[in-house]
Each structure stands twice: as structure tokens, then as C-alpha cells.
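Some notes on the structure that comes next.
All values below were derived from every heavy atom in this structure, side-chain atoms included, with hydrogens, water molecules and symmetry-related copies excluded.
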Amino acid sequence: MYSIINYIGTAIGVVSTLLIYPKDKVFLGTVRYVENIAQLLYPVMVLGASHALIKFYPTLDEQKKRQLFNYSLASISVISIIVFSGILLYGTFAEDENSMLFFYAFPVAVSLAFIELFRKQAQDLQKLAVPTLFEKIIPKVVLPLLFIALFAKILGVFQSLFLYALAYIIIFLITGMYLFRHYKPGFNYRFSTLFGSISRKDYFRYSLYAFAGSIGSLLAFRIDGIFIFNLISEEANGTFNIGVNLASTLQIPAIGMFALYAPIISGYLQDDNFTDLNVKYKETARLLFFIGAVFFSCVVLGVEDLFRLLPTYEQLKGSIPVIFILGFSVLINMATGFNTEIITYSKYYKFNMVAILTLVGVNIALNLLFIYHTDLGFIGVAIASFISMTLFNLSKLIFIYKKFRLLPFDAAFFKLAAVFALSGVLCYFLPGFTNPLADLVFNTGLSLTINITTVYRLRLVYQVNVWIDKVIDKFKR
């Protein structure tokens, strides 16, 4: 159910990105800036409380679990007030023409903070599907509707931003109502006995570590939109965001697989079973690379023809370089397998935080370099992101090899890469038709046929052969 909700949300997002958002890239850039600010503020409000909830729950009885949940609610509330005070001071004294947008980002951030806590509690109750439905679907339905109202001059920009923030408040409220129907934490806000059961020092140390990891990840992956909005333009941020949205759809299969394999990887590491871990590491890297390369090949060969078929082609074409650059970055990330999971579930888990914080520094430096010292604009920002992510993945590969003597690559992997590279070159340089639909169908169809057939014949990816053999068996019956 969780995966189905994610796919539905992605489908709505893709349709909106192709047909609606390009018609007002200035507003899109503004909305995404507000979202980026909210995404950076809400981990400060949570301050690792949601992760600590899951971490310490197994050691507590039912009464202390309720106390810990209430403590987390109180903590988020107090920190949110402090953050709002900081925004008021910033808006009063800072010479920032965009400071007003922080007041739209704040209610979104508060809502996200409480939603995050509620989702972790729902996860413990195994009631995650409904909160996920609210969080993933409602914003993706509301935003296109606001764009349409804006086009029709029913709403203005700031009214639309207000309603978008209100949508998150509604998600927060209905998620809370759903959770409290199934969970009754009570109103015990005396926490002295709670920290008799768990160490206050251990709680805050873990919370701060989780906070550093969360804020580091968001800085690494959200900072691009903040730089483009402030240093280039709102429209450029909208164009960049279209590319980001479409490129990120490539990694959806990987997200599900990482979640599926996480407990298996954890078990191998706990048992010091590096033989099976090595086999699974290589096997999964090949499978993820195959899935990513299939989609990426189709994107490279067909995205411009697809855009030409749409009424928004002129607004979409500027995003094509971003899709190529960030799509290739996603492919590299998939090709390196579950290196993050191996580090996270090992005794070297702190390295992830070091790597992420280093990534933040490199990404910021490269963004400034490309923006101020080249004429590439938002394409330079995409290149900066690609370089940063490639170095990030490379650092994790080197670390895992040094500590465990494991690599995700083998001879079959390099054969797989050669198949996709050769077929990609062949299909790209074939003479085309005059009709974009014919080009789209022919090029992507030929690429899929060559790649899947070759990989199946050479038996390069075990799971692919299993899937195809099952299909063949069904037709034989």
C-alpha cells in the first residue's frame, strides 16, 4: 500500500510538472523556495525527536512510551516558538526582499515537524498507510489547483501561497486526528520519571546526531533551489525544479528496494556474514543499475520528442540539460547499491554524518563557483550537484572497501554498462523521422528491445532472467 501511494503521488506530480507547472515558472520557483526553507526549518523544530522515539521505544514500558511521545510533542512546540521568534527578528532587521516568504514557510515547517512525529508513532503502530496518503497526495493535488486558479486570476500569488501553507496545516490536523483515534498518549507532562528509565545524556546525544544527519541531508539536497532563487531568478528556479522533479522519478524503484533490503543488510552485518553480504551487494547493484539505465536510456533518447508532443514544449525545453545531468547522477547513485545502508547498520555509522556534512560544504562551494565564475546559470548548479553527489558516492565506496573489502562491481556489472553504452550510442545516432511521436516510439522501443534482450541472453542480471522466464512460462501454458 505504501509503495502504491508513492507511485500515485509521483504520477500526479509528473503530469503536473509536464502540463501545468511550466505555464508559470516564476510562481513554481517561488513555491519551491518556500518549500526548501520549510524543509530546512522543520528538522530544527524536530531536533531528532522522531528518530529518538523509534530508537528508545523498545527499552520502555507502555506508560514511559506515552511520556516520551508527549515529551516530543512539547519539545517541538517549544522549539517552534523559538524558531518563529528568530524569523520575526530576521524579518525586522535583515535587508532581504524575500524575508516575507519565511512567514509562509513557517506554518509548512511546523506542520511537517508534527507530521514527522505522528508518522513515526504511526509506524510503531503499523498504521502508516493513511498518514502517508495524506502527506503524499494532498499537496500534489492542491498545488496544481492553485496554479489553475492563478491562471484564471481567481487568486493572486500571495493568496495561493497562503492556501498552500493552509493545506499543510490541514494535513497536520487530520494526521493528528487519525493517530489519536488509534493512540491515546494522555496528558502526562511530568518527565522526571521518563529520564529515570533512559539516560538524558544518551537521549540528547542521539537526538542531536539524528538532527545533524537530517539537516545535513536536507542542506545537501535542498540548497540548490535556495541558491538559484536568491542568486539567479525565480523563473530559473522553476525551470531547474522541473528538471529535478522529472530526474528524481528515476530513483523510485531504488527507494522501495533499499527499504526491502535494509533488514537483510542489518542481519548480515550483525552476524559478520560478509560472504553473503558481498553476493547481495553485487547482485543488487547490477539490478538497480539495470533498472536505472533502462529508464535513463529512454529519457535521453525520448524526452525531447515527448516534450515536442506537449503544448508546454517551449517552457519545458530549458529543463532538458538538468534532466540529463541529474538523471545521470541518480543512475550513479543506483549503480553503487546500498552503500549507505551498509555504513548505517555497521559500527561505522558516524561516517555517514561526516560524509553528508562534507557533501554540504563541497556542494555550497561548487554552487558559488559555478554561479559567480561561469555563465552556465542553473545548468552550472546542476553540474555542481552532479559532482558533489559523485564524490559523495565515491567516498562511501572507498570507505566500505577499506573497512570491509567489499565492492558492488564485478565483471558482469561492467559488461552491463558496456551493453547500455553501446546501445545508447547506436540508437542516438540513427537517422530519425520527421514526426516526434515516431521518433519517440522507435528510439525508445529499439533501446528497450536491444538492452533487455542482450541482458537476458548474457544472463547479466539474475532477477531479470527470473522475471522474463516467468512471463515466457505463462505464454507457453
Side-chain angles (χ1 to χ4, degrees), residues 3 6-7 10 13-14 217 220-221 243-262 264-265 277-303 322-345 352 355-356 359 363 382-383 385-401 406-421 423-424 444 447-448 451-452 454-456 460-467:
S3 298
N6 273 322
Y7 279 114
T10 301
V14 168
S217 295
F221 302 117
V244 170
N245 282 351
L246 296 175
S248 62
T249 58
L250 297 174
Q251 68 185 355
I252 292 172
I255 294 170
M257 289 195 65
F258 287 147
L260 178 66
Y261 279 103
I264 299 171
I265 303 309
L277 177 61
N278 184 44
V279 172
K280 192 64 71 178
Y281 191 22
K282 289 176 167 57
E283 182 183 281
T284 308
R286 286 199 305 274
L287 176 59
L288 286 172
F289 179 70
F290 170 79
I291 294 169
V294 165
F295 285 117
F296 185 65
S297 299
C298 291
V299 166
V300 171
L301 294 169
V303 70
V322 177
I323 296 170
F324 288 170
I325 296 165
L326 297 185
F328 192 50
S329 178
V330 170
L331 179 61
I332 290 174
N333 186 54
M334 293 175 73
T336 54
F338 40 68
N339 48 21
T340 298
E341 285 70 22
I342 290 176
I343 296 170
T344 299
Y345 295 113
N352 270 336
I356 286 172
L359 170 63
N363 202 14
I383 294 170
S385 181
F386 168 75
I387 294 171
S388 301
M389 281 303 300
T390 302
L391 292 174
F392 178 56
N393 280 300
L394 185 62
S395 70
K396 290 189 289 184
L397 284 177
I398 293 170
F399 184 83
I400 289 171
Y401 183 72
L406 299 175
L407 283 172
F409 313 124
D410 55 12
F413 182 94
F414 292 110
K415 289 178 185 176
L416 191 63
V419 168
F420 279 100
S423 70
T444 56
S447 173
L448 287 170
N451 290 324
I452 294 173
T454 306
V455 169
Y456 176 75
L460 296 176
V461 181
Y462 170 75
Q463 293 91 334
V464 172
N465 282 77
V466 171
W467 295 337

Report the residues that fulfil ring pair (Phe, Tyr, Trp, His ring centres under 6.0 Å) with F295, sequence neighbours left out, ordered by chain and then residue number.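 Testing F295 for ring pair (Phe, Tyr, Trp, His ring centres under 6.0 Å), a comparison that skips the adjacent residues, returns none.
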Residues in ring pair (Phe, Tyr, Trp, His ring centres under 6.0 Å) with F413, at least two apart?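 F413 satisfies ring pair (Phe, Tyr, Trp, His ring centres under 6.0 Å) with F289, F409 only.
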Can you list every pair that meets salt bridge (charged side-chain N to carboxylate O under 4.0 Å, His left out) and has a residue in residues 286-301, with sequence neighbours left out?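 Listed by first then second residue: R286-D410.
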Is a donor on one side and an acceptor on the other found under 3.5 Å between the side chain of S423 and the backbone of F420?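 A pair under 3.5 Å: yes.
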With a 3.5 Å distance limit and no angle check, can you tell me whether N451 reaches the backbone of S447 through a side-chain donor-acceptor pair?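 Between the backbone of S447 and the side chain of N451 there is a qualifying donor-acceptor contact (under 3.5 Å).
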Using a 4.5 Å cut-off on heavy atoms from C-beta on, say whether the side chain of [Y] contacts that of [X].
| X | Y | answer |
| --- | --- | --- |
| L326 | V330 | no |
| I343 | K396 | yes |
| L277 | F338 | yes |

From [X] atom [atom1] to [Y] atom [atom2], the distance as rounded to the nearest 0.5 Å:
| X | Y | atom1 | atom2 | result |
| --- | --- | --- | --- | --- |
| L359 | N393 | CG | CG | 9.0 Å |
| N333 | L250 | CG | CG | 11.5 Å |
| F399 | I342 | CZ | CD1 | 11.5 Å |
| N339 | L394 | CG | CG | 10.5 Å |
| L416 | L287 | CG | CG | 10.0 Å |
| K280 | L406 | NZ | CG | 14.5 Å |

Apply side-chain contact (heavy atoms from CB on, under 4.5 Å) to V300 and F296, showing your working. CA-CA 6 Å; V300 171; F296 185 65; 3.6 Å; yes
Taking every non-hydrogen atom, the tightest pair across [X] and [Y]:
| X | Y | answer |
| --- | --- | --- |
| T444 | G302 | CG2-CA, 4.1 Å |
| Y281 | L407 | CE2-C, 3.6 Å |
| Q251 | M334 | CA-SD, 4.2 Å |
| L288 | G337 | CD1-CA, 4.3 Å |
| L460 | N465 | N-OD1, 4.4 Å |
| G327 | A247 | N-CB, 3.7 Å |

Can you name the one residue among V244, N245, L246 that meets side chain to side chain contact (heavy atoms under 4.5 Å, CB included) with I323?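 Option passing the side chain to side chain contact (heavy atoms under 4.5 Å, CB included) with I323: L246.
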For F414, I'd like to know if atom CZ has over 12 heavy atoms of other residues, nucleotides or ligands within 6.0 Å.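 Yes - once you tally the heavy atoms of other residues, nucleotides and ligands closer than 6.0 Å, there are more than 12.
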Assess whether atom CZ of F328 is packed by more than 12 heavy atoms of other residues, nucleotides or ligands within 6.0 Å.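 Count not over threshold, so no.
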